[in-house]
Amino acid sequence: ALRCVSALDAARWTTLPRSRSGSYSCELVTGNRHGPQPFNRYLETHETFMGQLLRGGFVLHDGVAFEDLGDGTIQASGIIRCEGCICVDVFKLLRIVGGSGATAEVETFAYSYNVFIEGIGNVFRYCSPHPDHACLHHRHAYDVLNGDKSGERNESNEDWPHLSEVINEAQAWHETNAEAVALLLGH
């Protein structure tokens, strides 16, 4: 069964699944910025950044929940609602690489951060490598203001952004394009 957790909930966990072995066709290479860290610290960091973004006013609601999938994997997923009908659809998989319980070491092995305007279309999306079309981290960019549904993909060996950086990028895009978005939305 799936279980949703918060930082407070994680601190009470006595067991989490142990790490599992397995191979992936497009394995991520992690640097210090995205290296393993204790799960409870990961949750505290997420909640701290989301609290700051909520107080800043652009983010209106954090709908991201963490679920223990029971196979050495924790899923973070949900919608973050922002000003101007902008949303960030978060999907992230963390693998347990050592330990157990709230202090189990976790690291991201797959992610997608899709920024879209509700009812209009995608603005941009960051994705981890995946075998169906890209073996590098990549960013899809859409000209949403002109109806672009297919977008352009740019691959990179560079570091990928943290969720807070994606939200900051979405906010900067919104500030630049707020009038055009309002027209599209009929406001």
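Aromatic ring pairs are classed by plane angle as parallel below 30°, tilted from 30° to 60° and perpendicular above 60°; the pair H174 and F58 is tilted.
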(request) Give the intermediate values and the outcome of side chain to side chain contact (heavy atoms under 4.5 Å, CB included) for residues V123 and I86. (result) CA-CA 9 Å; V123 178; I86 292 180; 5.7 Å; no
(request) Report the C-alpha distance between I167 and V88 in whole Å, list the side-chain angles of each, state the deciding distance to 0.1 Å, and finish with yes or no for side chain to side chain contact (heavy atoms under 4.5 Å, CB included). (result) CA-CA 7 Å; I167 294 168; V88 183; 4.3 Å; yes
(request) List the steps, then state whether side chain to side chain contact (heavy atoms under 4.5 Å, CB included) holds for F124 with N114. (result) CA-CA 6 Å; F124 60 87; N114 186 45; over 6 Å; no
(request) Could you walk me through whether H138 and Y126 pass ring-ring contact (aromatic ring centres under 6.0 Å, His included), step by step? (result) CA-CA 6 Å; H138 54 284; Y126 285 94; 9.3 Å; no
(request) Go through the steps for F39 and I74 under the test side chain to side chain contact (heavy atoms under 4.5 Å, CB included), then give the verdict. (result) CA-CA 10 Å; F39 183 58; I74 297 170; 3.6 Å; yes
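Atom SG in C82 sits 11.5 Å away from atom CD1 in I117 (nearest 0.5 Å). The distance from the OG atom of S128 to the CZ atom of F109 is 9.0 Å, given to the nearest 0.5 Å. For the atom pair CD (Q37) and CG (L43), the distance works out to 9.5 Å, reported to the nearest 0.5 Å. The line from CG of D143 to CG of N122 is 12.5 Å long, rounded to the nearest 0.5 Å.
Counting heavy atoms from C-beta outward, N40 and T103 have side chains that approach closer than 4.5 Å. Within the 4.5 Å cutoff, no side-chain heavy atoms of T108 are placed close to those of L93. V181 has its side chain within reach of W173: a pair of non-hydrogen atoms, C-beta onward, lies under 4.5 Å apart. Counting heavy atoms from C-beta on, the side chains of R95 and E107 come closer than 4.5 Å. At a threshold of 4.5 Å between non-hydrogen side-chain atoms, the residues V90 and S77 do not count as touching. At a threshold of 4.5 Å between non-hydrogen side-chain atoms, the residues E105 and P38 count as touching.
Between the side chains of R125 and H140, a donor-acceptor pair is found at a separation under 3.5 Å. Side chains of D71 and T73: a donor-acceptor N/O pair is present below 3.5 angstrom, by distance only.
Across A104 and I96, no two heavy atoms sit closer than the pair CB-CG2, 4.0 Å. H162 and Y113 make their closest contact through C-CE1, 4.3 Å (heavy atoms, listed as atom of the first residue, atom of the second, distance). In this structure, C87 and R81 approach most closely via the heavy-atom pair SG-NH1, 3.2 Å. Of all heavy-atom pairs between P161 and V166, the closest is CG-CG2, 3.6 Å. Between L185 and G84, the closest heavy-atom pair is CD1-O, 3.8 Å.
A donor-acceptor contact shorter than 3.5 Å is absent between the side chain of D148 and the backbone of V144. The backbone N or O of G51 sits less than 3.5 Å from a side-chain atom of R55, completing a donor-acceptor pair. No donor-acceptor pair closer than 3.5 Å links the side chain of N177 to the backbone N or O of A180. Although no hydrogens or angles enter the test, the distance criterion places no donor-acceptor pair under 3.5 Å between the side chain of Q52 and the main chain of F49. The main-chain N or O of V64 is found under 3.5 Å from a side-chain atom of D62 such that the two form a donor-acceptor pair. The backbone N or O of F91 sits nowhere less than 3.5 Å from a side-chain atom of S112 that would complete a donor-acceptor pair. A donor-acceptor pair under 3.5 Å is absent between the side-chain atoms of Y142 and the main chain of E152, judged by distance alone.
In this structure, R139 pairs ionically with E169, as a charged nitrogen and a carboxylate oxygen lie closer than 4.0 Å.
Remark: of the listed residues V59, L60, I80, V59 is the sole one forming a side chain to side chain contact (heavy atoms under 4.5 Å, CB included) with L54.
Taking the six-membered ring for Trp and the full ring otherwise, H46 and F66 have centroids separated by under 6.0 Å.
Following chains of ILVMFWY side-chain contacts shorter than 4.5 Å, one cannot reach L163 starting from I79, and the two form parts of different hydrophobic clusters.
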